[in-house]
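In what follows, a single structure is set out as structure tokens and then discussed.
Both counts, for ligands and for their atoms, begin at 1 and track the order of listing. Source: prediction; values computed, not measured.
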Amino acid sequence: MTIGVDDDERAFPQLEDGKALEESWLQICSRLKGEVGEVEYRTWLTKIALGPVDGDEITLLLPTRFLRDWVRSQYGDRLSELWNQVMPAIRRVELQVARPGDPVAPPLALSEDSSDAVSIAEPEEAPRSAPEVRSDLVTALDTRFTFDTFVVGKPNEFAYACARRVAEKPSSVGFNPLFLYGGVGLGKTHLMHAIGAELVQRGNVSVAYMSAEKFMYRFIAAIRSQSTMEFKEQLRSVDVLMIDDLQFLIGKDNTQEEFFHTFNALVDAGRQIVVSADKSPSDLSGLEDRLRTRLGCGMVADIHATTFELRISILESKAAASGVVVPAKVLEFLAHKITSNVRELEGALNRLIAHANLFGRPVTLEATQDVLHDILKAHDRRVTIEEIQKRVAEHWNIRLTDMSSARRARAVARPRQVAMYLAKQLTSRSLPEIGRKFGNRDHTTVMHAVSRVAELMERDPAFAEDVELMRRMLES
Ligand code: ADP
Ligand code: MG
């Protein structure tokens, strides 16, 4: 049996302070409309509906994934700022795709004419049927992720061995909890699913796998629908509980607390816990101390960055499984060029294979360079935050240490903001990650820097030119 968790049950009752929220939202809408213009506003922003508030975070709902991504990238920062200005208690804005049945406030059409200016050719996410029984029997295991398809090498052999061991003998002393950690795309989720698949295949064990994010949504929904008891009982009835990407719970104190209790109850009852995160328990600052301590007291296994040898083995194995002949030269070329993580490596190979199948042409080094042109280019000029800080500090003549210092004099603060802005533009780092590199600043500080610089660039062409020049230098 596999227990997963679905989103469909998020049932949020009317917000207590619904009226104030609505009013704030109207205010924000009218400001946004003034800023972005009628057409933009009508095309994108009237589609937003108010969702629930959780602590200092408000959720805004969009009808499709496409719209959500678009609004997030184009207006996300501005929305946060405006909310924060109009309603200081709100410090963060979360954008989500609305599910059928989400009880949301109707979209606010400020204009009398509510017809859509542009129709968006994006299919809605497949409507999910409401669960008939409250049993949450949703299979969440990805069948591609098994031990058989996992390629073992130096960087991951220890984590692999631990995962195998847990799959063979769940709840062994010393292996509970199993804590897997490592950077993105290195196989944590793959290993967790492999454990689940193996256990389910042998039968008679109930396995629950969910991301920490889902755990949180589910928990919040349970609180709101006053069904926390059921939620707890469901979780405590499983033999193996796996929670992926635990770092997501950082800052979500209530959810951490609940996770901790469930965790203790399960371990005390002799059940197995498997957890993954991007850092070791001791480095997960922001998680409660006693939770970190408990997490670290079973087996902690690190998945290291890939080596050239492992990348080659993975490519060989995936190429062989695809049935397309990929010359060794091409595999070596890819393993040299794409070093970030397995996910990207796999993506590149898949594209090559799809291309070969589509056109029925053999894979050659030349074809590879051609087909993967954009990916390879992106990997050629990967700018780091350190580089950005160095170049910006040089250009504006400040000390490199001031990038992380607490000094707030304009002469220092402005270049620092520019560096944050460029870090956001040129790297794939998240706001919190960027904040950490700038003397452990909060992500809202980074957000503020990004919008401040954008604003200044609009007002001051000379400044804009300076920043653009900097960007081009860093990109080349
Ligand atoms: P993480 O959860 O650590 O971010 P994933 O488990 O999602 O990473 O892995 C990303 C992709 O790379 C998946 O498609 C996974 O199957 C593949 N992958 C990662 N490591 C390996 C490996 N050692 N062998 C085969 N595939 C791997
Ligand atoms: Mg993962």
Side-chain angles (χ1 to χ4, degrees), residues 4-5 140-167 177-198 207-217 241-250 273-281 283-284 295 299-324 326 331 334-335 337-354 372 375 379 428-430 433:
V5 154
L141 293 174
D142 189 321
T143 52
R144 289 168 308 161
F145 297 161
T146 62
F147 285 124
D148 289 342
T149 56
F150 192 84
V151 180
V152 186
K154 266 255 157 341
N156 60 26
E157 63 187 5
F158 182 63
Y160 174 83
C162 293
R164 270 237 106 110
R165 169 67 199 264
V166 164
L178 171 60
F179 189 101
L180 299 169
Y181 77 95
V184 285
L186 296 180
K188 301 182 294 293
T189 300
H190 188 134
L191 280 179
M192 292 177 103
H193 283 253
I195 295 173
E198 182 89 11
V207 178
Y209 164 91
M210 70 188 99
S211 64
E213 191 177 5
K214 280 214 171 144
F215 181 89
M216 186 191 73
Y217 288 144
L241 174 65
M242 301 198 274
I243 303 284
D244 207 351
D245 290 319
L246 196 79
Q247 69 275 5
F248 193 86
L249 294 191
I250 286 175
I273 308 265
V274 182
V275 164
S276 86
D278 61 352
K279 289 189 209 65
S280 73
D283 286 337
L284 278 174
L295 283 169
M299 183 56 72
V300 178
D302 182 358
I303 307 187
H304 300 272
T306 58
T307 55
F308 179 73
E309 288 72 29
L310 178 61
R311 291 196 292 278
I312 288 285
S313 313
I314 290 173
L315 287 168
E316 277 171 354
S317 136
K318 307 226 170 198
S322 78
V324 170
V326 185
L331 298 183
L334 290 179
K337 283 284 182 183
I338 303 176
T339 55
S340 49
N341 64 51
V342 184
R343 186 173 298 141
E344 295 200 19
L345 196 63
E346 204 177 20
L349 182 70
N350 285 343
R351 192 169 339 157
L352 269 190
I353 290 168
L372 300 180
I375 299 183
H379 280 265
S428 54
R429 301 291 164 161
S430 66
E433 280 174 319

Does some non-hydrogen atom of [X] fall short of 4.0 Å from ligand 1?
X	value
K318	yes
G183	yes
G185	yes

**Asked** Under 30°, 30 to 60°, or over 60°: which ring-plane class applies to Y209 and H193, parallel, tilted or perpendicular?
**Response** tilted
**Request:** Taking atom CZ of R164 as the centre, report whether more than 12 heavy atoms of other residues, nucleotides or ligands fall under 6.0 Å from it.
**Result:** yes
**Message:** For ligand 1, which is the ligand I care about here, please tell me if L186 has any N or O atom under 3.5 Å from one of the ligand's N or O atoms.
**Reply:** yes
**Prompt:** So is there a nitrogen or oxygen of V151 less than 3.5 Å from a nitrogen or oxygen in ligand 1?
**Reply:** yes
**Fill in**
Note: heavy atom closest to atom 25 (C) of ligand 1, options T149, L191, D142, belongs to T149
**Prompt:** So which of D148, V342, T306 gets nearest to atom 18 (N) of ligand 1, if we judge by its closest heavy atom?
**Reply:** V342
**Asked** Given S276, which of I303, T189, D245, I243 fulfils the side-chain contact (heavy atoms from CB on, under 4.5 Å) condition?
**Response** D245
**Request:** State the atoms of ligand 1, each with its element, that fall below the 4.0 Å cut-off from a heavy-atom position in G187.
**Result:** 1 (P), 3 (O), 5 (P), 6 (O), 8 (O), 9 (O), 19 (C), 20 (N)
**Prompt:** With a cut-off of 4.0 Å, which atoms of ligand 1 are near a heavy atom of V184?
**Reply:** 4 (O)
**For atom 15 (C) of ligand 1, the protein heavy atom that lies nearest, with its residue and separation** = H190 ND1, 3.4 Å
**Item:** Identity and separation of the nearest protein heavy atom to atom 13 (C) of ligand 1
**Value:** E346 OE1, 3.5 Å
**Message:** ring-ring contact (aromatic ring centres under 6.0 Å, His included), that's the test. Do F147 and Y160 meet it? Break it down for me.
**Reply:** CA-CA 8 Å; F147 285 124; Y160 174 83; 5.7 Å; yes
**Request:** Ignoring hydrogens and angles, tell me if any N or O in the side chain of R311 forms a donor-acceptor pair with the backbone of L345 under 3.5 Å.
**Result:** no
**Request:** Could you walk me through whether V207 and M242 pass the side-chain contact (heavy atoms from CB on, under 4.5 Å) test, one step at a time?
**Result:** CA-CA 8 Å; V207 178; M242 301 198 274; 3.6 Å; yes
**Request:** Check N156 against ligand 1 and report side chain, backbone, both or neither, counting heavy atoms closer than 4.0 Å.
**Result:** side chain
